Q: 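Before I ask anything, let me first share the structure, which is written out below as structure tokens.
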Amino acid sequence: MEVQTDFLVIGSGIAGLSFALEAAKFGSVAIVTKKEKTEGSTNYAQGGIASVFDPEDSFEEHIKDTLKSGDGLCREETVKMVIRDGPKRIRELMEMGVHFSHQAGPGGRLDLGREGGHSRRRIVHTKDLTGREVEHILLARAEENRNITIYENHMAIDLITRSKMLKQGIITRETEETCWGAYVLDAKENCVVTFAAHVTILATGGAGKVYLYTSNPDIATGDGVAIGYRAGVKVANMEFVQFHPTCLYHPVAKNFLISEAVRGEGGILLNGRGDRFMERYHPSKELATRDVVARSIDMELKKSGDECVYLDISHRPPEFIKDRFPHIYETCLNFGIDITTEPIPVVPAAHYMCGGLLTDLVGRTNLGNLYAIGEVACTGLHGANRLASNSLLEALVFARRAAHSSSKDLEKRKGEPLPGAPRWDSGNATDSEELVVVSHNWDEIRRFMWNYVGIVRTNKRLERARRRAEIIQGEIKEYYWNFTVTRDLLELRNIAQVAELIIECALLRKESRGLHYNLDYPRRDDRYWMRDTVVWL
Ligand code: FAD
Ligand code: SIN
């Protein structure tokens, strides 16, 4: 089966949907999304979107905070552009129907939250359910747009590139390596569909599931990075994995984040003895940047042997807590924790991938007609450590820029029919009776990544991880080529690829900077390392 479209968007989070809404002004858009359409990190975002709305605030200050958090690796041009475009993009969301919280009273201004690393209150939010509000409104607008079709339970496998088409004698004259769409697994019908497109957008989100403990939803298996890398796209800065300092520690709770906004509203961190330990690590205490807070918690836990630390907001009035953090309050209460009266047990967990597919200022990759936007991309905004709530902002700004840039790519090809793409070659695939091996490999990767490639690294641990990753890669190649593709198997192939990329980048960077902390090179080394780690096939 083949679907033809002007724009193929892979992913239905803030990046994919924002792109689709803008691109639909220029042509037809197909969005493929691997599970239910709302399922992605966007839907779970709590804190909000960082942007300059307070008349006392300035672009310069937001730029300064972002550069400081990025620890010398941000691309200044990107930072300036994203921060200056921010308020316009947020106003557009409001025009589409997104309701952000306002201060009480008639004509109340936007209620701005505070998070770590920000010198001021500048987080636009919908209490602690910002992502859900944004996702639902964007989806509603996309669903009423006649130029947009959404395909749920459709998982992109690999890109269709010029070299694949040349091999099959389908095209002969293009000189540049170009993308022409993707092969997509229709998980309901259990067949592979060819999506042929003039422009393809990877908006597949993050890769938290590469680690045993993560704040991310199940879809976050790094598919876009793996898919892009296999097609020859440059990948950068994968060593900078952001661990969120405060995820709920509870035997039953899975992936539940306790927003940094809780610390922004006065929450303090305590160790098992009840000491407020952050003052020993950094003058900004609980509101230091995330790399610092997560590492400090890690050190406290290693020193004490405890399983978790505690985040305490119970000194604020109960009415305030329930009103400002209704979702966190309710969820914790369901787990037997009343946050208005007792501290919340928390641990750090993998949260955000600062690295990804390398792009320019409009989201273009080095593969012709392929763009990457949102968490899958490495645009230069985050450098070595993302500033809190700068991610939704980045996705909004780049989605629009990519839509306008790629509309020009489409213009160039206008009138040309899409060449029929080669059909998916399933080789000698048969059904596997041993798919339990897939889940064993999944577990093994996530465990060794957590143990050896976590918050604190050493060369020895990284080498150990590399050896294990290589063995698993070998096994996956055997499985992948011998058995019919399934979503689990495809995801395993992707997390193994992403794990390998994180390990490679971590081994290449012989210093400590931002989120990458290696005990064998404990210092930042600006003489050699004020640069991205870039790898490609
Ligand atoms: P996502 O929203 O993750 O969407 C990815 C989409 O791609 C999904 O639809 C998924 O199904 C699809 N997909 C993936 N692989 C495939 C494939 N192979 N084929 C087809 N479809 C595929 N950032 C902030 O700025 N502020 C916050 O307050 C904030 N809070 C957060 C809270 C949590 C719990 C988490 C996990 C993250 C938070 N972040 C926050 C980070 C931010 O939410 C994400 O970086 C951002 O939402 C990413 O958007 P995206 O569109 O790139 O990806
Ligand atoms: C949070 O609410 O703590 C998450 C914010 C972010 O990841 O930017």
Side-chain angles (χ1 to χ4, degrees), residues 8-19 31-51 113 115-118 123-126 128-132 134-135 138-139 150-158 182-185 187 195 201-209 214-227 242 244-247 255-264 290 293 325 328 349-354 356 372-377 382 386-396 398-399 487 490-491 493-494:
L8 170 64
V9 181
I10 305 175
S12 59
I14 188 170
L17 291 172
S18 307
F19 175 91
I31 302 178
V32 294
T33 187
K34 75 174 166 181
K35 287 192 174 159
E36 300 79 40
K37 52 199 168 204
T38 51
E39 201 47 21
S41 292
T42 302
N43 203 32
Y44 298 92
Q46 293 184 356
I49 313 180
S51 197
E115 292 180 1
H118 288 276
I123 319 295
V124 179
H125 62 87
T126 308
D128 55 0
L129 283 167
T130 312
R132 192 182 296 181
V134 171
E135 177 75 20
L138 289 175
L139 253 182
I150 303 180
Y151 297 82
E152 282 186 303
N153 296 302
H154 278 65
M155 175 179 186
I157 305 172
D158 270 319
Y183 297 109
V184 176
L185 174 69
F195 277 77
I201 316 298
L202 284 167
T204 50
K209 295 296 282 188
T214 176
S215 65
N216 289 188
D218 287 348
I219 58 92
T221 49
D223 296 3
V225 169
I227 288 171
Q242 185 167 73
H244 196 292
T246 57
C247 285
N255 310 346
F256 189 66
L257 187 81
I258 309 293
S259 175
E260 195 148 323
V262 173
R263 278 174 283 134
R290 258 177 216 178
V293 181
F325 302 112
I328 296 174
H351 180 64
Y352 185 84
M353 177 54 75
C354 293
I373 50 173
E375 190 167 336
V376 70
H382 310 307
R386 173 176 69 99
L387 183 65
S389 288
N390 264 358
S391 167
L392 297 174
L393 178 71
E394 178 192 46
L396 284 174
F398 271 90
R487 198 153 61 187
L490 293 171
E491 287 185 341
R493 183 170 75 136
N494 293 334

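If you're wondering where the values come from, they're calculated on a predicted model, not measured in any experiment. Both counts, for ligands and for their atoms, begin at 1 and track the order of listing.
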Q: Report the nearest protein non-hydrogen atom to atom 42 (C) of ligand 1: residue, atom name, distance rounded to 0.1 Å.
A: Ser391 OG, 3.6 Å
Q: Has Ile49 got any heavy atom lying under 4.0 angstrom from an atom of ligand 1?
A: no
Q: What about Leu392: any of its N or O atoms under 3.5 Å from an N or O on ligand 1?
A: yes
Q: Can you give me a line-by-line list of nitrogen or oxygen pairs between ligand 2 and the protein shorter than 3.5 Å?
A:
from     : atom 1 : to     : atom 2 : distance (Å)
ligand 2 : 2 (O)  : Gly47  : N      : 2.9
ligand 2 : 2 (O)  : Ser259 : OG     : 2.7
ligand 2 : 3 (O)  : His244 : NE2    : 2.7
ligand 2 : 3 (O)  : Glu260 : N      : 2.6
ligand 2 : 7 (O)  : Arg290 : NH1    : 3.0
ligand 2 : 7 (O)  : Arg290 : NH2    : 3.3
ligand 2 : 7 (O)  : His351 : NE2    : 2.7
ligand 2 : 7 (O)  : Arg386 : NH2    : 2.8
ligand 2 : 8 (O)  : Arg290 : NH2    : 3.3
ligand 2 : 8 (O)  : Arg386 : NH1    : 2.8
ligand 2 : 8 (O)  : Arg386 : NH2    : 3.3
ligand 2 : 8 (O)  : Ser389 : N      : 2.6

Q: For ligand 1, is there an atom lying under 4.0 Å from some heavy atom of Glu36?
A: no
Q: Yes or no: does His125 have any heavy atom under 4.0 Å from an atom of ligand 1?
A: no
Q: Does Gly131 come within less than 4.0 angstrom of ligand 1, counting non-hydrogen atoms of the residue?
A: no
Q: Nearest protein heavy-atom contact for atom 51 (O) of ligand 1: which residue, which atom, what distance?
A: Ala15 N, 3.0 Å
Q: Does Val376 have a heavy atom less than 4.0 Å from any atom of ligand 1?
A: no
Q: Strictly under 4.0 Å, does any heavy atom of Thr130 approach an atom of ligand 1?
A: no
Q: Give yes if a backbone or side-chain nitrogen or oxygen of Lys35 is under 3.5 Å from a nitrogen or oxygen of ligand 1, and no if not.
A: no
Q: When you measure from the heavy atoms of Ser215 to every atom of ligand 1, does any distance fall below 4.0 Å?
A: yes
